[in-house]
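Labels below follow one simple rule: chain letters A, B, ... track the order of the sequence lines, proteins then strands, and each chain is numbered from 1.
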There are 2 protein chains.
Amino acid sequence: MARGSTRPTSRDVAQAAGVSQAAVSLVLGDKWRGRVSETTAERVRQAARELDYRPNLAARNLRLGHTRTVLLVVPALTTEFFGGVYTGAARVAAQHGFGVVLYPSPAGIGPARDPFASAQAALDGVIASSMAADALTDIRGDQLPLVMLDSNPEGSLGAATVNLDIADGVRQVTDHLLSLGHRHILHLAADIASWTFEVRARELATRLSALPGTLLRTAHTPISIEDAVTAAETALSAPGPRPTALVCDDDKLAAGAYKAARRLGLRIPEDLSVTGLDDLALAQALDPELTTVRLDAELFGERGMHALLAVLEGRTPEGGDIPVELVVRGSTAPPGG
Amino acid sequence: MARGSTRPTSRDVAQAAGVSQAAVSLVLGDKWRGRVSETTAERVRQAARELDYRPNLAARNLRLGHTRTVLLVVPALTTEFFGGVYTGAARVAAQHGFGVVLYPSPAGIGPARDPFASAQAALDGVIASSMAADALTDIRGDQLPLVMLDSNPEGSLGAATVNLDIADGVRQVTDHLLSLGHRHILHLAADIASWTFEVRARELATRLSALPGTLLRTAHTPISIEDAVTAAETALSAPGPRPTALVCDDDKLAAGAYKAARRLGLRIPEDLSVTGLDDLALAQALDPELTTVRLDAELFGERGMHALLAVLEGRTPEGGDIPVELVVRGSTAPPGG
DNA sequence: CGAGCGACGTTATACGTAACACGTCATTGA
DNA sequence: TCAATGACGTGTTACGTATAACGTCGCTCG
C-alpha cells in the first residue's frame with residue numbers, strides 16, 4: 001500500500017465523473033452496453049484515466065469468489081527447464097484469461113513453507129511438479145484443483161497427472177547404446193526420491209535384464225555438477241571392468257561425468273560414451289556435444305495448464321504422455337572408439 | 001474456488017465452536033491473550049482443524065489493506081541466475097513475514113502484458129530487473145514502491161536501485177587480460193538495450209583507450225549459444241590481425257565462443273583467451289573451465305529485498321554496489337600459449 | 001389514453017475478514 | 001457497601017467491488 005495519499009477507488013472515479021459507483025463498475029467491466037450511454041461511459045473512462053484508477057484486486061477477488069490465477073509449484077530453479085514449463089503454462093493461461101504465479105520451492109529457506117500462505121495469492125488451482133512435492137505438505141485432499149507434473153498416476157490422491165514419456169526416453173537411450181554395441185553400462189542416478197527418477201532406474205533395469213550378457217551398475221549422487229564429478233570418478237575407477245557407457249539422469253550429471261572422465265584421462269566417446277536427459281543449453285556447450293533426450297518443457301507446461309483448465313471446468317483432462325526425442329550427438333560411439 | 005461444496009469460512013468455524021466470528025478471528029490471529037479463555041481458544045482451534053478451515057486471503061487482504069506480498073519481475077528464466085536472485089529475495093522476505101511472487105517476463109506471450117493484471121495478486125511492492133523493464137510499461141510513477149535491479153541510478157524515476165558492481169568486474173577482467181599481455185581484444189556483446197550491458201561496453205572501452213597500443217573490437221549478438229557461435233565465428237575470421245582475447249558479456253556467450261573456436265581450429269587458451277560473466281554452472285562444465293566474473297545472485301536478491309523493505313518502512317535503502325569477484329580458470333593464458 | 005417498453009442509471013447488498021467499542025459477570029479493595 | 005477492575009466475549013462496522021433489483025422518464029402502440 002502506497003504511503004501517503006491512498007489509492008483512488010471506484011467511488012472516487014464515480015464522484016469525479018458524477019455518476020454512481022455501480023456505473024463505474026459497469027463501464028470499466030465492459031458490461032454497459034444498453035445500460036449506460038456512450039457519452040457517460042466516456043466520461044467515466046476519462047475520470048478513471050485522470051485519477052490513474054486501478055481496481056483493487058483483493059476486493060474484486062473477494063466479490064467474484066475466484067481469481068483466475070493458478071500457482072505453479074516447481075523445484076529450485078537451477079536449470080532453465082522449469083523456466084520453459086512456466087512459459088508454456090503462462091501462454092496457455094493468458095489465452096484463457098488466467099495468470100500464473102510461479103512458486104519455486106525455496107531451497108534453504110528453512111522448513112518447507114506453505115506455498116499458499118507464502119504466495120499470499122488467492123488461487124483457483126495448482127500445478128505442481130512432483131520434484132517439489134515436499135513443499136506441498138499443505139495440500140490436503142480436495143482443497144484446490146490440482147494437477148501433478150511427472151508424478152505417479154497411481155498414488156497421486158486422485159489428482160490429474162501430466163507426464164513426459166520418460167520411460168520411452170530411457171528406452172531410446174538404451175536401444176541406442178545397445179545397438180552401438182555397449183554391454184556394460186553405468187547409471188549415474190540422482191538421489192532424489194521422485195517418481196520421474198524411479199522410472200529411469202526401473203526402465204533401464206528391465207530393459208537390460210531382458211538382454212543376457214549385459215551388466216548394469218548404479219552410482220547415486222545429488223544433482224549438482226560438483227557432486228556428480230566425484231560420484232562418477234569414484235564409480236569409474238572402481239575395481240573390475242570399466243563400463244563403456246554412462247547413462248546420466250540429467251544433463252547436469254552428464255556435465256559432471258565429462259569432468260570426471262577428463263580427470264581419469266578417459267576420452268569421450270572413444271573410451272566412454274555418455275548420455276544425458278533434458279537437452280539443456282549445457283548439452284550443446286559440452287565438447288563433444290552431448291547425446292541426450294530432448295524434453296519439450298514448454299509443451300509440458302502447456303499440457304499441464306490445459307489439464308488444470310479441464311479440471312476447473314469439470315471436464316476430464318485428456319491423457320497420454322508427452323513424447324520425448326533422443327538427440328544423438330558426439331558423446332556416443334561404439335565401445336573402443 | 002472448489003466446485004461443489006463451498007469452502008468453510010470463519011463463521012462456519014464459529015458456529016461449530018459455539019462462539020462468535022470475532023472470537024475465531026482473535027484466536028486464529030493469535031491476538032486472544034487476555035481476551036479469550038484457553039479452553040475456548042482450544043475449542044476454536046479444534047473446530048478449525050476439523051473443518052480444515054483456511055482463511056480467505058482475498059478477504060484478509062481487503063480488510064488489511066496490504067498483502068505482505070511483493071512481485072519480483074525478471075527476464076525469461078533461461079539461466080539459473082534469477083533463480084538465485086529469487087532464492088535470496090524469498091529468504092529475506094520470509095524472515096520479515098513477506099512472500100515473493102516471481103514474474104518472469106513472458107517471452108513470446110504476445111504483447112508485453114501488465115504483470116499486475118497478470119499476476120492477479122494484490123501487491124505491496126515490486127522488485128524489477130532492468131532486463132525485464134519492457135514488462136513494466138504499466139508502472140507509472142509512484143503507484144507502488146519499487147526497487148530496480150541493475151538499473152541506471154539516474155533515470156530510474158526516483159526508484160531505489162540495487163546494482164552489482166559490474167564495472168569493477170569488467171575492470172578486473174581487463175586488468176587480468178592486460179597483465180597476461182593481451183593487447184588485442186574482441187568484445188562479444190549482448191545486443192540488449194539494458195544498462196547493465198552498457199556498463200560493460202563503456203568500462204571496457206575507457207579502460208583500453210587509456211592504454212596506448214591496445215585494440216578493441218566489438219561483435220553484437222543475441223544472448224543464445226547458437227547466435228553467439230555465428231557471431232564469434234564471423235568476428236574471429238574477419239580480415240586483419242586476430243584478437244588474442246575474447247571478452248564475453250556473459251557465460252552463455254562464452255560457451256558459444258568455445259564452439260566457434262573449435263570450428264575455426266583455435267585452441268583455448270593457447271590461441272585465444274576467453275572470459276565470461278555470471279559464473280553459471282555452465283562455466284565449470286566447459287573445457288577448459290571458464291575464467292569469469294562471479295556474481296552472487298542470492299546476495300543480489302537479498303539486497304533487493306532489503307531495499308524494498310526499507311522503502312516500505314519509509315527508510316532510505318542503504319547504497320553501495322555489490323562486489324563481484326574475478327574467478328581465474330583455464331580459459332585465459334598469455335597470448336601464444 | 002394508459003399500459004408497456006426501452007434507455008439510462010441508481011440503491012442496496014454480499015463476499016469473508018479484522019478489530020473497535022461495548023457489554024456482562026464475578027471478584028476485589030477501601 | 002459500592003465502585004473499580006479484570007476476565008471473557010459479542011455486536012457491529014468497513015475494506016472496494018460486482019451485480020441483482022429497482023426506479024424514472026419519454027415514447028409508442030393498441
Subject >> B:Leu57 CG to C:dC15 C1', straight-line distance once rounded to whole Å >> reply: 14 Å

Original post:
Can you tell which of C:dG9, D:dG9, C:dT11 lies closest to the side chain of B:Val36?
Top reply: D:dG9

Subject >> Closest to the B:Val19 side chain, choosing from C:dT10, D:dT19, D:dT10 >> reply: D:dT10

Subject >> Within 45° cone of B:Trp32 ring axis and under 6.0 Å: B:Arg43 NZ or CZ >> reply: no

Subject >> Interatomic distance where CG belongs to B:Asn56 and P belongs to D:dC15 [whole Å] >> reply: 18 Å

**OP:** From the options C:dG9, C:dG16, D:dT17, select the nucleotide whose nearest atom is closest to the side chain of A:Arg60.
**Re:** D:dT17

Original post:
Taking OP1 and OP2 of C:dT17, is either one under 4.0 Å from a side-chain nitrogen or oxygen of B:Ser10?
Top reply: yes

**OP:** Choose from D:dT10, C:dG9, C:dT17 the nucleotide whose nearest atom is closest to any side-chain atom of B:Arg11.
**Re:** C:dT17

**OP:** Please state how far atom CG in A:Leu26 lies from atom P in D:dC22, giving the value in whole angstrom units.
**Re:** 17 Å

Subject >> Interatomic distance where CG belongs to B:Leu28 and P belongs to C:dA19 [whole Å] >> reply: 13 Å

**OP:** Mind running side-chain hydrogen bond (donor to acceptor under 3.5 Å, both in side chains) on A:Thr67 and A:Asp124 for me, showing each step along the way?
**Re:** CA-CA 6 Å; A:Thr67 57; A:Asp124 286 357; 3.2 Å; yes

Original post:
Should A:Arg303 and A:Glu298 count as an ion pair when the cut-off is N to O under 4.0 Å?
Top reply: no

Subject >> Nucleotide of C:dT17, D:dT10, C:dT10 approaching A:Ser20 most closely (side-chain heavy atoms) >> reply: C:dT10

Original post:
With A:Pro153, which of A:Thr161, A:Val162, A:Asp321 fulfils side-chain contact (heavy atoms from CB on, under 4.5 Å)?
Top reply: A:Thr161

Subject >> Over 12 foreign heavy atoms within 6.0 Å of CD, A:Gln21 >> reply: yes

**OP:** Starting from C1' on C:dC15, measure out to CG on B:Leu64 and report it in whole angstrom.
**Re:** 16 Å

**OP:** Rounded to the nearest angstrom, tell me the gap between atom CH2 in B:Trp32 and atom P in D:dT10.
**Re:** 15 Å

**OP:** State which of D:dT10, D:dT19, D:dC15 makes the closest approach to the side chain of B:Leu62.
**Re:** D:dC15

**OP:** For D:dG16, take OP1 and OP2 only and decide whether either is under 4.0 Å from a side-chain N or O of A:Thr9.
**Re:** no

Original post:
Nearest to the side chain of B:Ala22 - C:dA19, C:dG16, D:dA21?
Top reply: C:dA19

Original post:
CG of B:Asn61 versus P of D:dT17: gap in Å, rounded?
Top reply: 14 Å

Subject >> Under-4.0 Å side-chain N/O to phosphate OP1/OP2 contact, B:Ser37 with D:dG9 >> reply: yes

Original post:
Between A:Gln21 and A:Glu38, which is nearer to the 5' end of DNA chain C once each is assigned its nearest nucleotide?
Top reply: A:Glu38

**OP:** Output yes when at least one side-chain N/O atom of A:Thr40 is less than 4.0 Å from OP1 or OP2 of C:dG9, else no.
**Re:** yes

Original post:
A:Arg35 has an atom CZ; how far is it from atom P of C:dT10, in whole Å?
Top reply: 11 Å

